[in-house]
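One structure is given here, and the rest of the page talks about it.
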Protein chains: 2
Amino acid sequence: MARATIHNRQDSLERALQLFWQKGFHATSLKDLEKALDMRPGSIYATFGSKDGLFQESMERYARLGLAEFERTLHAYPSPLAGLAAYLRGLGGLRDRELPSRACMLVKSLLELGEREQAAWRKAADLLAGMEERFIDRFDAAQQIGELDSRLDPVRLGRRLQAEVMGLRAFAQRDVDSATVHALAEDMALSLEALRKDGVTDKR
Amino acid sequence: MARATIHNRQDSLERALQLFWQKGFHATSLKDLEKALDMRPGSIYATFGSKDGLFQESMERYARLGLAEFERTLHAYPSPLAGLAAYLRGLGGLRDRELPSRACMLVKSLLELGEREQAAWRKAADLLAGMEERFIDRFDAAQQIGELDSRLDPVRLGRRLQAEVMGLRAFAQRDVDSATVHALAEDMALSLEALRKDGVTDKR
DNA sequence: GCTGTACTTGAGTGATTGTTCAATATAGAG
DNA sequence: CTCTATATTGAACAATCACTCAAGTACAGC
């Protein structure tokens with residue numbers, strides 16, 4: 001009935017994500033995107049509407065994949081606190097993998113964007129709020145199985161953890177050794193594990 | 001002997017700093033700067049060389065003023081640990097003051113800039129390294145007066161604190177209540193104070 | 001009041017920005 | 001094959017980008 005598409009949407013989105021994650025919104029030009037996606041402007045606009053739209057879809061993909069990896073880590077540990085600590089230790093390896101950036105793309109966007117890109121800024125803020133909810137949910141679970149002192153506030157702990165992750169990843173964006181990042185992540189993980197109520201057996 | 005300058009250099013720099021801190025490097029155009037400094041392009045280039053140069057000088061000013069405020073807080077407390085905790089609590093008020101941004105300008109730059117702005121990126125990284133040194137120095141001092149367990153590593157503690165500050169300020173860039181930021185800063189301050197060796201009297 | 005010097009101006013530079021759209025190409029249906 | 005529907009192209013667009021420089025301006029010293 002019509003001409004078939006030669007570009008896979010998810011594939012194009014992944015390439016755009018890599019570019020945006022590395023260079024940020026403003027420093028990524030449409031020329032860059034044309035090259036990375038191997039598409040001409042018309043095709044890009046027909047598929048994604050605008051640079052801003054493509055950027056927002058990239059952030060959504062980033063958050064979806066990041067959350068999936070987070071959940072995968074959690075599932076490997078029956079204990080919520082142990083899962084969160086393992087997630088932190090995993091971030092210690094940020095300098096070992098080859099990534100577009102060590103920093104979180106959502107945080108980069110939150111700091112880079114302003115009023116002029118309000119919609120994209122909102123999206124970044126909302127996606128981060130979703131991640132915060134997941135953190136809080138895990139502290140809640142830890143409390144329900146008696147792993148965490150009932151006097152502690154899961155909401156505050158969740159926000160604290162998000163701030164720690166933001167800080168760890170921003171710090172890793174500096175030109176520091178992999179060992180330094182590993183040590184920092186380890187210290188954060190230890191602090192988190194110190195929350196474990198005395199007498200609770202580690203069931204890893 | 002010649003025509004007098006009508007613009008104060010420090011004053012112009014302060015205005016540029018406010019703009020860059022709020023909007024970031026890429027989103028700040030020369031038009032914006034012309035308006036904020038009330039200077040025409042020729043004057044700006046005669047005085048600061050380039051947009052990149054002006055940006056780097058702005059970062060230097062930012063770091064100098066920020067460090068001065070940090071030292072002022074420290075001087076109000078005879079105990080190093082108490083001083084650092086007070087600094088964290090002060091950051092809890094980020095949402096109360098009217099600032100160009102809640103996030104640290106150096107972190108914003110570290111995350112926004114890339115290879116194309118290598119010199120400015122380096123400057124941001126170096127200035128952050130300088131701040132890290134100050135943190136480490138305070139933990140060192142705490143250790144020397146016996147306020148801090150001698151088995152703890154001041155370098156790791158200093159880096160951890162910098163990551164916490166980065167995280168706190170990035171978190172505060174989200175659309176959260178002032179109370180939420182205060183609570184987060186309080187939790188971080190409490191963790192820091194918990195490092196105080198048992199038996200050491202608080203001399204605040 | 002004149003002169004020399006340094007500061008300031010602003011129109012203009014070429015390059016690059018995100019975006020549009022008429023033309024073209026290509027697949028499947030008949 | 002022809003026809004139709006849709007994917008794709010890429011030249012062209014106006015706007016904006018960082019930046020330059022010749023001309024104009026105003027002050028200090030004489």
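A note on names: the letters A, B, ... follow the listed sequences, proteins ahead of strands, and every chain is numbered from 1.
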Closest nucleotide among C/dG10, D/dG10, D/dC19 to the A/R40 side chain: D/dG10
How many Å lie between NZ on A/K31 and P on C/dA15, as a whole number? 12 Å
Mind calculating the distance between CG (A/D38) and P (D/dA7) to the nearest angstrom? 17 Å
Gap between atoms CG and P, on A/L33 and D/dG10 respectively (whole Å): 17 Å
Rounded to whole Å, how long is the line connecting atom CD1 of B/I6 with atom C1' of C/dA6? 13 Å
Residue mapping more 5' on DNA chain C - nearest nucleotide basis, A/D32 or A/G42: A/D32
State, with a plain yes or no, whether a side-chain heavy atom of A/L91 is found less than 4.5 Å away from one of A/V181. no
Centre of B/F171's six-membered ring, under 6.0 Å away, within 45 degrees of the axis: is that where NZ or CZ of B/R174 sits? yes
Between CZ of A/R116 and C1' of D/dA15 the distance, given in whole Å, is 12 Å
Is B/H7 close enough to C/dT8 that one of its side-chain N or O atoms is under 4.0 Å from OP1 or OP2 there? yes
Look at B/R3 and D/dC27 and indicate whether a side-chain polar atom (N or O) is within less than 4.0 Å of OP1 or OP2. no
Does a donor on one side chain and an acceptor on the other come within less than 3.5 Å for A/E117 and A/H26? yes
Minimum-distance nucleotide (side-chain atoms of A/T5 versus D/dC19, C/dT19, D/dT8): D/dT8
Looking at D/dT20, I'd like to know if its phosphate oxygens (OP1 or OP2) sit under 4.0 Å from a side-chain N or O belonging to B/Y45. no
Whether B/S43 contacts C/dC7 is assessed here as follows: a side-chain N or O lying under 4.0 Å from the phosphate OP1 or OP2. Is that the case? no
Distance check needed: D/dT20 P versus B/I44 CD1, whole Å only. 13 Å
Charged tip of A/K108 within 45° of A/F25 ring normal and under 6.0 Å: no
Between A/Y87 and A/F135, what is the ring plane arrangement, given parallel below 30°, perpendicular above 60°, and tilted in between? tilted
Considering only heavy side-chain atoms of B/P41, the closest of D/dC27, C/dA27, C/dA11 is C/dA11
Rounded to the nearest angstrom, tell me the gap between atom CE in A/M39 and atom C1' in C/dT19. 15 Å
Does a side-chain N or O of B/S29 approach OP1 or OP2 of D/dC17 to a distance below 4.0 Å, or not? yes
I need the NZ-P distance between A/K51 and D/dA15, as an integer number of Å. 19 Å
